[in-house]
Peer 1: 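The following block contains the structure, expressed as structure tokens.
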Amino acid sequence: MRDKWIERKYMFKDYLQGIQFVSKIGQIAESNQHHPFINVQYKAVIVLLSSWAAKGVTALDIDVAVEFEKAYEQVNHTISSSD
């Protein structure tokens, strides 16, 4: 069943940076009406995307995953700039 998901583990310097990222991807998910599973594990945020109706990965999953990657880069750039 794992092949029917896009799964990505994002790492952060601390817990609150991960929470900042979760907030950003929550906004992206809501605007796309496509909501991932999000698992916060201290400095790690694990995101899983799939389309239930299609029983697997669709173009929407890929598009949203690309937006999540951009959000990750933005959070990391902000984090690096504020250090």
Side-chain angles (χ1 to χ4, degrees):
M1 182 84 158
R2 280 287 188 205
D3 58 334
K4 296 187 179 192
W5 296 92
I6 296 173
E7 181 175 354
R8 171 82 154 90
K9 183 177 185 177
Y10 299 92
M11 296 301 299
F12 298 91
K13 288 184 179 182
D14 62 36
Y15 177 77
L16 289 178
Q17 291 168 346
I19 296 303
Q20 178 186 359
F21 175 68
V22 168
S23 177
K24 284 188 178 293
I25 65 171
Q27 292 169 8
I28 293 166
E30 191 64 19
S31 70
N32 284 282
Q33 289 300 298
H34 194 59
H35 304 90
F37 288 99
I38 302 170
N39 183 345
V40 178
Q41 297 180 354
Y42 185 45
K43 295 180 184 182
V45 175
I46 302 164
V47 179
L48 290 101
L49 279 163
S50 185
S51 294
W52 292 104
K55 298 182 180 166
V57 176
T58 66
L60 179 59
D61 296 298
I62 294 166
D63 292 345
V64 171
V66 168
E67 288 189 54
F68 290 175
E69 288 296 313
K70 290 177 185 175
Y72 180 65
E73 292 301 320
Q74 289 173 347
V75 169
N76 270 344
H77 178 71
T78 302
I79 292 165
S80 296
S81 297
S82 65
D83 285 346

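These numbers were taken from a predicted model, which means no experiment stands behind them.
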Peer 1: Side-chain heavy atoms under 4.5 angstrom apart, residues restricted to Ile, Leu, Val, Met, Phe, Trp, Tyr: same cluster for L16 and M11?
Peer 2: no

Peer 1: Quick one: side chain to side chain contact (heavy atoms under 4.5 Å, CB included) partners of Q27, sequence neighbours excluded?
Peer 2: S23

Peer 1: I need the L48 CG to I6 CD1 distance, nearest 0.5 Å.
Peer 2: 10.0 Å

Peer 1: Do V47 and Y15 belong together in a cluster built from hydrophobic side chains that touch within less than 4.5 Å?
Peer 2: yes

Peer 1: Sequence neighbours left out, what pairs pass side chain to side chain donor-acceptor pair (under 3.5 Å) with at least one residue falling in residues 35-47?
Peer 2: E30-H35

Peer 1: If you round to the nearest 0.5 Å, how far is CD of Q17 from CG of N76?
Peer 2: 8.0 Å

Peer 1: Quick one: which residue pairs count as a side chain to side chain donor-acceptor pair (under 3.5 Å) with a foot in residues 53-62, not counting sequence neighbours?
Peer 2: H34-D61, S51-T58, S51-D61, T58-D61

Peer 1: Measuring only between side-chain heavy atoms, which start at C-beta, is I38 closer than 4.5 Å to V45?
Peer 2: yes

Peer 1: Output all residues satisfying ring-ring contact (aromatic ring centres under 6.0 Å, His included) with F37, sequence neighbours left out; order by chain, then residue number.
Peer 2: W5

Peer 1: Quick one: sort the F12 and F21 rings into parallel, tilted or perpendicular, breaks at 30° and 60°.
Peer 2: tilted

Peer 1: Just to verify, which of V57, V64, I62 counts as forming a side chain to side chain contact (heavy atoms under 4.5 Å, CB included) with L60?
Peer 2: V64

Peer 1: State the CD1-NZ distance between I25 and K70, to the nearest 0.5 angstrom.
Peer 2: 15.5 Å

Peer 1: Could you pull out the closest heavy-atom pair between S50 and G56, with the gap in Å?
Peer 2: OG-O, 3.6 Å

Peer 1: Kindly indicate whether the side chain of K4, heavy atoms from C-beta on, has any atom under 4.5 Å from the side chain of W52.
Peer 2: no

Peer 1: Would you compute the distance between atom CG of D63 and atom CD1 of I28 and round it to the nearest 0.5 angstrom?
Peer 2: 12.0 Å

Peer 1: Just jot down the ring-ring contact (aromatic ring centres under 6.0 Å, His included) partners of F68, sequence neighbours excluded, or say none.
Peer 2: none

